Amino acid sequence: MSSSMTMSPRAASWLQATPFTLIMTCLVMVPLAIILAVSFMDYGFAEIIPEFYLGNWTDLFRSSLTLDTYRTVFKQLAVVWTITLLLGFTISYYLIFHVRSNMWRAIFLAACAIPFWTSGPIRMISWVPLLGREGIVNQALLGMGIVDQPISWLLYSEFSVIVVYVNMLTMAMAGPIANSMAKISPSIIQAARDQGASEWQVIQEVIIPLIKPGIVVGTIFIITAVMGDGFLVRAMSGNQMNTPAVAIMNEINAFQYPPAAAKSVVLLLIVLGMVGLLLRFVDIRKELAR
Amino acid sequence: MKIDTDFNAKKLMPEADVAPDDGAQKYDVEIVAVSKSYDGGAKAVDTISLRIPKASYCCLLGPSGCGKTTTLRMLAGHESVTDGDVLIHNKNVTDGAPSARGTSMMFQSYALFPHLSALDNVAFSLKIKGVKKAERQAKAMEFLKLVQMEHLAHRMPAQLSGGQQQRVALARSLITRPKVLLLDEPLSALDPFLRVLMRTELKRIQTELGITFVHVTHSQEEALALSDLVVVMSDGQIMQAGSARDVFEKPTNAFVAKFIGGHNVIEVEGRKVSVRADKCRIVESVGGTNLPAEVTSIEYQGPMVRILVKDLDGKEYHAQISDSRFFADPPVVGEKVMFSWMPEDEWQLAA
C-alpha cells in the first residue's frame with residue numbers, strides 16, 4: 001500500500017470481502033429467501049396470492065408421493081454413485097499408475113475430455129438412436145440372433161436413465177480421484193511394495209486412504225447432479241419416472257410456484273445435509289490447499 | 001542426543017533370522033556384470049561388478065547421474081536389471097520382487113505413509129503379513145526405541161521434523177529384518193548439524209545389528225566417515241572400490257583423486273600424480289618439488305587453512321596447512337610463492 005493512501009487493516013479486509021459478499025447476498029441469499037417466503041403463500045391459477053398459507057407444507061408432508069419421489073432418486077443415486085465410483089477409480093488408477101508414457105496419458109485424457117466439447121443435452125439425446133427399439137443395439141442383437149424381438153427396456157426406462165447418468169457423470173468422479181492419486185508420491189507406492197504389500201494391498205492400505213478427499217469431492221458432484229436433475233430423468237425415462245426435481249419442474253410448468261418453492265426448500269435442505277455430513281468426515285479444504 | 005547403551009539391538013534381529021546360511025557365505029551382496037539401459041538408450045550402469053563383504057557399511061559415491069542410485073534401486077528390485085546378476089546372501093535375486101530379496105530400502109524423501117502415525121508406519125509390514133494389532137504395535141514400539149523415537153510414536157509424519165521422519169523411516173525399514181539395508185541419500189535433506197549426528201547414529205545401528213548397509217551419497221566426507229567399503233562411481237562405471245583409507249590415500253585415477261577431494265592432480269614430467277593437499281606447502285623455496293605460483297584465495301577453516309594458488313599456466317592447486325604454521329608466516333592474496341611437495345608424497349595415477 002502506498003504511504004499517501006493508508007487504510008486500517010480492518011477496513012482493508014472489509015473492502016476485500018465486499019464483492020463476494022454482494023454476489024452471495026444478491027444472487028444466493030435473497031433468491032433463497034424469496035423462495036422460502038413464496039413457499040408460505042397461497043396460489044391460484046397462474047398467480048401467487050401473497051397471504052400466509054401453510055397448505056403447501058402440509059400437502060408436501062401428507063402426500064405419499066413425496067416419499068416415493070425420494071425413494072426413486074435415492075435408488076438412482078446409489079446405483080449411479082456405485083458405478084461411477086468403480087469406473088472413476090479404475091480409470092484414474094490406470095491413468096496415474098499404469099500409463100508410463102506422457103504421450104499416451106495425454107491421449108487418454110483427451111479421449112475423456114473431448115466428448116465434453118458437445119453440449120450435455122446433445123450427448124444425452126444421442127443415446128436415443130442407440131438404445132431405441134429400432135436402435136443400433138437392438139438391431140445388432142437381432143442381427144446376431146441373440147434376441148428374436150427388440151428389447152423394450154433399453155430406452156425410456158430406469159435402465160436408460162442410469163446409462164445416461166453414468167455417461168454424463170463418470171468424469172465428475174474420475175477427475176477428483178485422479179487429482180488425489182496424482183498427488184501420491186511414487187516413492188510411497190514403492191515403499192509399500194518394499195514392505196511386502198501386494199498390488200491389492202497397496203490399493204487397500206495406501207491408495208484408498210489417500211484418495212478419500214477426491215472420492216468425497218466426486219461424491220458431492222454426483223449427489224448434487226443426481227438430486228438436482230429433472231431434465232435428464234424426464235427425457236430418458238420418457239416421462240415415466242418421478243423424482244423430487246421432476247415434481248418441482250412439473251409444478252413450475254403448471255405455474256404452481258408456492259408448492260414448487262416448498263419442495264425446493266426441502267430438496268435443498270436434504271442436499272445440504274448430505275454434503276455437510278460428507279464434509280465432516282473429510283477435510284476437503286486441506287485437499288484444495290495442497 | 002543420548003544413546004541408550006543398555007538397549008540391545010541384536011535382540012531385535014536374532015542372528016539365525018538374519019543369516020540362516022552363515023557357513024560359507026563371505027559376501028552379503030554380489031553384483032555380477034550388471035548393466036542397466038533404458039529403452040535401448042545409453043547405459044546408465046555399464047557392466048559393474050562388486051562384492052560387499054558380510055556386515056559391512058558400503059557407500060556408493062559419485063556425482064549425480066553416475067548410476068549410483070540406479071545401482072541401489074536394482075539391488076532393491078525397484079528397477080529391473082538389463083543384464084547381469086544380483087546375489088544377496090548367495091541367492092540370485094535378479095528377478096525377485098522387492099520384498100522377496102531380503103532387502104529393505106530407505107527412500108531419499110523418507111516416503112512415510114502420510115495417513116498413518118509413526119507407530120503404524122513402522123508396523124506397516126507386519127500388518128501386511130497379518131500380524132494382530134497389539135502384537136505388531138508392540139513390535140513397532142521396540143524398533144521406534146532403537147531409533148529413539150518412542151516418545152513421538154503417535155505423531156503423524158506431517159508433525160515430525162525431517163530428522164524425526166528419517167528415524168521413523170529407518171525403523172520401518174529395519175522391522176522387516178532385512179539382510180541388507182539400502183539407503184538412498186539418507187542425509188542429504190538434513191541440515192549440516194543433524195547430518196553429522198544422524199551419520200553417527202546410522203553407523204552405530206549398523207554395527208549393533210551386524211547387517212550390511214548400502215548407502216548412496218554424493219558427499220565424500222560422508223562416505224569416508226562411514227564406510228568399510230567406498231565405491232566411487234562415474235558414468236555408470238565403478239572407478240574404484242576399497243576401504244576409505246585406500247581410496248583416499250591411493251586413488252586409482254584423476255577422477256577419484258579429484259572427486260574424493262583434498263588432492264591435487266599434478267602433471268610431473270609427463271606423469272599424472274596426485275598429492276594430498278595437506279602434504280603440500282607454501283614456501284619461499286626449500287626442498288622437494290617446487291612450482292612457482294600466485295596465491296589466489298585463502299580460506300580459514302579452524303584447525304586448517306586452505307590456500308588456493310595458480311601456477312604460471314593458470315592451473316589451480318590448493319594446500320591445506322595447519323593454522324599454527326599458517327599464522328607463523330601468513331602469505332597474502334596476490335603474493336608470488338612456491339607451491340611445494342615432497343616426491344615421496346606423490347601417488348602415481350592411472351593414465
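The analysis underlying the following values was restricted to heavy atoms, covering all of them including side chains, and did not include hydrogens, waters or symmetry mates. Quantities reported herein were computed from a predicted structural model and do not represent experimental measurements. Chain identifiers are assigned alphabetically (A, B, ...) following the order of the sequence lines, protein sequences preceding nucleic acid strands; residue numbering begins at 1 within each chain.
For B/Leu126, no part lies under 4.5 angstrom from a heavy atom of chain A. At a 4.5 Å heavy-atom cutoff, B/Lys129 makes no contact with chain A through either its backbone or its side chain. Only the side chain of B/Ser109 has a heavy atom closer than 4.5 Å to any heavy atom of chain A. At a 4.5 Å heavy-atom cutoff, the contact between B/Arg172 and chain A is made by backbone and side-chain atoms alike. When heavy atoms are compared at a cutoff of 4.5 Å, B/Phe107 approaches chain A solely by way of its side chain, counted from C-beta outward.
For the set A/Gln190, A/Arg193, A/Glu205, A/Gln201, the entry with the most heavy-atom pairs within less than 4.5 Å of chain B is A/Gln190. Here B/Ala111 is the residue among B/Ala100, B/Ala111, B/Ala76, B/Pro98 with the most heavy-atom pairs under 4.5 Å with chain A.
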Open item on the list: I'd like to know whether B/Thr71 forms a side chain to side chain contact (heavy atoms under 4.5 Å, CB included) with B/Val34, so could you lay out the CA-CA distance, the side-chain angles of the two residues, the decisive distance to 0.1 Å, and finally the verdict.
Closed with: CA-CA 9 Å; B/Thr71 304; B/Val34 163; over 6 Å; no

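Taking the centre and axis of the six-membered ring of B/Phe143, the NZ or CZ atom of B/Lys139 falls outside the cone set by 45° and 6.0 Å.
Residue A/Phe74 qualifies as enclosed at atom CZ: its count of foreign heavy atoms under 6.0 Å is above 12.
Across all non-hydrogen atoms, the minimal contact from B/Gln206 to B/Ala55 is NE2-O, 3.2 Å.
When only modelled atom types and interatomic distance are considered, B/Glu222 and B/His215 share a side-chain donor-acceptor pair under 3.5 Å.
Using the six-membered ring where Trp is involved, A/Tyr93 and A/Phe97 have ring planes that are tilted, between 30° and 60° apart.
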